[in-house]
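Naming convention: chains lettered A, B, ... in sequence-line order (proteins, then strands); numbering from 1 in each chain.
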Amino acid sequence: MTLFVSTLALLFLMAGILYLLLSQARPAFEHFGFFRFIGSSEWNPENGQYGALPFLTGTLLTASLALIICIPFSLSLALFVGDLYKGRKIAFRLNTFIDVLAGTPSVILGIWGYYSLRPFFAALHIGHQGYGILPATILLALMIVPYATSMIITFIAAVPTQLKEGAYCLGATRFEVIRNISIPFAKKGIMSAYALALGRVLGETIIVTIIIGNSNHFPSGINDIGNTLASVIFNQFETADALKFSFLFAIALLLFLITAIVNLFARYLLRRVVS
Amino acid sequence: MNKNHILELKSVSISYSPGSYALKNISVSIKPNAITSIIGASGSGKSALLRSINRMHELYPNIRMQGEILLGGKNIMEMNPVEVRRRIGLVFQQPNPFPTMNIYQNVLSGYKLNKIYLSKSEKDRIVEECLRNVSLWDEVKNGLNKNPLSLTVGQQQRLCIARTLALQPEFLLMDEPTSTVDMFCTNRIEELIYRLKNNHTILIVTHNLAQASRISDYALYLEKGELIEYDKSNIIFVAPNDKRTEKYITEQVE
Amino acid sequence: MISFQKFRIYINKCFIALICLFSFVVLLPFLMLIARLVKSGLKYICLDFFTQTSPSPVDAMLANLAGEAIPGGILNGICGSLYMLTIALVLTVPLGILTGIYLYENRGKKFANLIQYLNAVCYGMPSIIIGIVVYVSVVKSFHSYSVLAGGIALSISMLPKIIRTTRETLKLLPAYLKESGLALGGSYTGVILKIIMPAAKGGLLTGILISVSRALGETVPLIVTALGCSMINWNINAPASSMTLLIWDFFNTPNMVSMVWATSAFLFSIIICLNLIAKRIGRQWKFILYHE
């Protein structure tokens, strides 16, 4: 049937992508070895030595810190719209505003970050003249706040009113109802929203490239410049010789696996919510 | 001691939107340590009356209230809303046990939400006492850590009553508590209400006039938001003073 | 020593104040972003902006020295975006909707579950990976950066979203629609085409518009597939530009700051409009559905 055939498109697409990544990355693994690839920080194009550790560290650092920064703000905003002012006009307008913000192209956020925030960072000695891992983390956190918030609002607004009223009738304050009733009820949905946001921030390229400083050495701290997996592929792609090209694909494969696992985990959590 | 337990309404009006009133100018003094049933047609304001007493209307900004409600002489609006809601318990029509807690925790949820800390032995004692009170103890004592949604509707409703009673409120408001449960369960709940009246003042909204005349000492008839009559049950149900009350009662019987 | 009960009220007030504070603080940067776009970008948008192709670096430098506005516009970007978007739509809309219907009709079955998991992975795939994969397969094969490659990259980015939205839309439809259609003796294809699809069209349109807005904002995969071009190009096998590519080019060229802001402001406005229209259509559709 036509329906079944159309699904094969996606199947072959994903299979093709995986095959391409693996086959292009193979020379690098043969040359370098898988564990040395992940564990080494050497970057000597002349010698053909490429280690992915600085980039892996950069990705994990920026992504996890961005998520940690994002959580209190997105949760507050979601509670504001989905609980405190639920059903009122201001909540409705804010919800639309947040959804629109979630659709901002990351390049525009990156450009603004460069022109408006970088001088600000430089003045506060965040990073080196405003470039660095910490500035990138802050921009990434900003990027995922609307994305995560719009998803979480749905879950918080879905807590049944009668459940909350039952708690109020027992003499609970608003804070206690949110903490003991609403959040536990919406917990799985909230976690899956943050997992999806993490997946998105792991793969973000352009914002990182603009402000992280693009250094191929292992960063000495969050105030140092560095690089991430996604960004290094983008930087080095044009000027890559055969071995570096293969190495970049190896990095891509690593990034693909990490994002795939995070997104599958989010999907798994969402399944539990629905059932 | 009795004075503290007097619930008085003075010229209370509730409107959901400008111009339309759910309750109009209600003034009444509810007799303490007795069961008062609130009867009336759908939309006559029975639930609105109940919810105004424990300040549930504050949660919805478009609802306006005028007039005063006095608890033992003090205006409830000047009291801490949290304290008001702890002293006045409300049981809803549909059972709403908290699905993220098990049965044991649900009974104690009032204490948990009010951040009152109890020792383990006190907790066990309260849970057993409340569940025995609602005739649920024998049915659930071996499965206190189960999810309350695994109970039948009747058992869930008794659990919700147990949860409300655990806080030992002086007033108990019940909004058609037996309309969603079967006859057997209804009997048990009615027995419970009868036992409770010695230590509590109970207001029960009901559509079932037979139930109202069975268990209540006083009755309050509302029509279109207005208080028509408040008197002893054996007067209201047998020979009411107001013609409108009489009309409602005879229509229901037919 | 304040009583414990008063302490709870105090904590409650603090919490609510904190929520309001955090909400305000987090919205502030976005308001600043919009303000900056309006301030620095809108003034450079004029008729030329839409009718001329992008300026060369030399022209820009001369204009800056003379203190004049930079000549030129983003017509090549607009055309390129539209061209690649059309290719992507042609590829993804039929495939996506059909796959979504399949997933909905066969939910629970093992193969459908597999496809859903693959869809989740595709949805979250970083755009740089999409870019390099299309580079290796299309650009290398045809020996040139091309509109085709860019279009294919965009379609990989759009497909999972359309599949997901189709499935969600179908889930919202009441069950009796299909049942009554079949009960009247309609064939399966007929019921899908004539009853389900028209009923779902609002939701599907919303999904397509949101995917389009996502595709318009893609930068990275286009840089490695379509490369960019300063002229308008209608040849499917030659490189072309897009609005996002132009933003990136202007950013990397000295003296073109005003063009960066102008293009960003324009692109942002389009995306806002698309999102608002999509939401409006979605709301109206849901309203019709549940109030019939």
Exercise. Carefully, step by step, assess C:Arg8 and A:Thr173 under the rule side-chain hydrogen bond (donor to acceptor under 3.5 Å, both in side chains).
Key: CA-CA 8 Å; C:Arg8 283 172 59 208; A:Thr173 59; 5.1 Å; no
Quiz item: If you draw a 6.0 Å radius around CZ in C:Arg283, do more than 12 non-hydrogen atoms from other residues or ligands fall strictly inside?
Solution: yes
Quiz item: What part of A:Ser231 gets closer than 4.5 Å to chain C, counting heavy atoms only: side chain, backbone, both or neither?
Solution: neither
Quiz item: What option among C:Leu33, C:Val26, C:Val220 has the most heavy-atom pairs under 4.5 Å with chain A?
Solution: C:Leu33
Quiz prompt | chain C contact via A:Ala9 - which portion, at a heavy-atom distance below 4.5 Å | solution = side chain
Self-check item: Segment of C:Ile163 engaging chain A (4.5 angstrom heavy-atom cut-off)
Solution: side chain
Exercise. Side chain from CB out, backbone as N, CA, C, O: work out which of these in A:Leu13 comes under 4.5 Å of a heavy atom of chain C, or both, or neither.
Key: side chain
Quiz item: Most heavy-atom pairs under 4.5 angstrom with chain C, which of A:Leu94, A:Leu11, A:Leu75?
Solution: A:Leu11
Quiz prompt | Rounded distance (nearest 0.5 Å) linking atom CG of C:Asp249 with atom OG of C:Ser241 | solution = 6.0 Å
Quiz item: What part of A:Leu20 lies closer than 4.5 angstrom to a heavy atom of chain C: side chain, backbone, both or neither?
Solution: side chain
Self-check item: Minimum side-chain heavy-atom gap A:Phe175-C:Ile11 below 4.5 Å
Solution: yes
Quiz item: So what's closer than 4.5 Å to chain A heavy atoms on C:Ile210: side chain, backbone, both or neither?
Solution: neither
Quiz item: Where on A:Leu253 is there a heavy atom nearer than 4.5 Å to chain C: the side chain, the backbone, both, or neither?
Solution: neither
Quiz item: Does CZ belonging to C:Phe24 count more than 12 external heavy atoms closer than 6.0 Å?
Solution: no
Quiz item: Aromatic ring centroids of C:Tyr135 and A:Phe237 under 6.0 Å?
Solution: yes
Quiz prompt | CD1-OG1 distance between C:Ile115 and A:Thr7, expressed to the nearest 0.5 angstrom | solution = 4.5 Å
Self-check item: Which atoms of C:Ile271 approach chain A - backbone, side chain, both or neither, heavy atom under 4.5 Å
Solution: side chain
Practice problem: Please flag which part of C:Phe30 lies under 4.5 Å from any non-hydrogen atom of chain A: side chain, backbone, both or neither. | Solution: side chain
Quiz prompt | Option among C:Val260, C:Thr244, C:Leu267 that satisfies the side-chain contact (heavy atoms from CB on, under 4.5 Å) test with A:Ile108 | solution = C:Leu267
Quiz prompt | Over all atoms of both residues, closest heavy-atom pair of A:Gly171 and A:Glu176 | solution = O-OE1, 4.5 Å
Self-check item: Residue among C:Ile9, C:Ile223, C:Leu216 with most heavy-atom pairs under 4.5 Å to chain A
Solution: C:Ile223
Quiz item: Relative to chain A, which segment of C:Tyr123 carries a heavy atom at a distance below 4.5 Å: side chain, backbone, both, or neither?
Solution: side chain
Self-check item: chain A contact via C:Ser264 - which portion, at a heavy-atom distance below 4.5 Å
Solution: both
Quiz item: Checking A:Leu101 against chain C: side chain, backbone, both or neither under 4.5 Å from a heavy atom?
Solution: side chain
Quiz item: Sub-3.5 Å donor-acceptor pair from the side chain of A:Thr62 to the main-chain atoms of A:Thr59, do we have one?
Solution: yes
Quiz prompt | Residue selection (most heavy-atom pairs with chain C, distance under 4.5 Å) from A:Ser76, A:Gly203, A:Gly103 | solution = A:Ser76
Quiz item: Are the side chain of A:Thr154 and the backbone of A:Met151 linked by a donor-acceptor contact shorter than 3.5 Å?
Solution: yes
Quiz item: Non-hydrogen atoms of chain C under 4.5 Å away: do they reach the side chain of A:Val145, the backbone, both or neither?
Solution: side chain
Quiz item: For A:Ile261, is it the side chain, the backbone, both, or neither that has a heavy atom closer than 4.5 Å to a heavy atom of chain C?
Solution: neither
Exercise. Measure distances from C:Asn252 to the heavy atoms of chain A and classify the residue's part below 4.5 Å as side chain, backbone, both or neither.
Key: neither
Quiz prompt | Interchain contact, A:Arg200 with chain C, by part (heavy-atom threshold 4.5 Å) | solution = neither
Quiz prompt | Under 4.5 Å from any heavy atom of chain A - which part of C:Ile34 | solution = side chain
Quiz prompt | Per-residue contact mode, C:Leu159 against chain A (heavy atom under 4.5 angstrom) | solution = side chain
Quiz prompt | Contact origin within C:Leu274 toward chain A - heavy atom pairs under 4.5 Å | solution = neither
Quiz prompt | Inter-residue atom distance C:Ile130.CD1 - C:Ile156.CD1, 0.5 Å rounding | solution = 6.0 Å
Practice problem: Would you give the length of the straight line joining atom CG of A:Asp83 to atom CD1 of A:Ile178, rounded to the nearest 0.5 angstrom? | Solution: 4.0 Å
Practice problem: Give, for atom CG of C:Asn275 and atom CZ of C:Arg214, the distance between the pair rounded to the nearest 0.5 Å. | Solution: 12.5 Å
Exercise. Sort C:Ile129 into side chain, backbone, both or neither according to what part of it lies under 4.5 angstrom from a heavy atom of chain A.
Key: side chain
Self-check item: Minimum heavy-atom distance between A:Phe265 and A:Ala195, given as atom pair plus value
Solution: CD2-CB, 4.3 Å
Quiz item: Does A:Arg118 make a cation-pi contact with A:Tyr114, if we ask for NZ or CZ under 6.0 Å from the ring centre and within 45° of the axis?
Solution: yes
Quiz prompt | Point-to-point distance, once rounded to the nearest 0.5 Å, from SG of A:Cys70 to OH of A:Tyr147 | solution = 11.5 Å
Quiz item: Which atoms of A:Phe245 come close to chain C, meaning under 4.5 Å heavy atom to heavy atom: side chain ones, backbone ones, both, or neither?
Solution: side chain
Quiz item: With a 4.5 angstrom heavy-atom cut-off, which part of A:Thr259 approaches chain C: side chain, backbone, both or neither?
Solution: side chain
Exercise. Please look at A:Glu204 and chain C and tell me whether the side chain, the backbone, both or neither of the residue comes under 4.5 angstrom of a heavy atom of that chain.
Key: neither
Exercise. Name the region of C:Cys14, side chain, backbone, both or neither, that has any atom closer than 4.5 Å to a heavy atom of chain A.
Key: neither
Quiz item: Given that the side chain runs from C-beta out, which part of C:Leu31 has a heavy atom under 4.5 Å from chain A: side chain, backbone, both or neither?
Solution: side chain
Self-check item: Interface residue of largest heavy-atom contact number with chain A, from C:Leu37, C:Val134, C:Leu95, C:Leu18, under 4.5 Å
Solution: C:Leu95
Quiz item: Is it the backbone or the side chain of C:Phe15 that comes under 4.5 Å from a heavy atom of chain A, or both, or neither?
Solution: side chain
Quiz item: Side chain, backbone, both or neither: which part of A:Ala172 has a heavy atom under 4.5 Å from chain C?
Solution: backbone
Practice problem: Could you tell me which portion of A:Tyr115 (side chain, backbone, both or neither) has an atom closer than 4.5 angstrom to a non-hydrogen atom of chain C? | Solution: both
Practice problem: Walk me through it: do A:Tyr131 and A:Phe121 pass the test ring-ring contact (aromatic ring centres under 6.0 Å, His included)? | Solution: CA-CA 8 Å; A:Tyr131 293 106; A:Phe121 289 144; over 10 Å; no
Quiz item: Between C:Asn106 and C:Lys109, is a side-chain hydrogen bond (donor to acceptor under 3.5 Å, both in side chains) present by the stated rule, with each step listed?
Solution: CA-CA 6 Å; C:Asn106 291 293; C:Lys109 300 213 188 120; 3.0 Å; yes
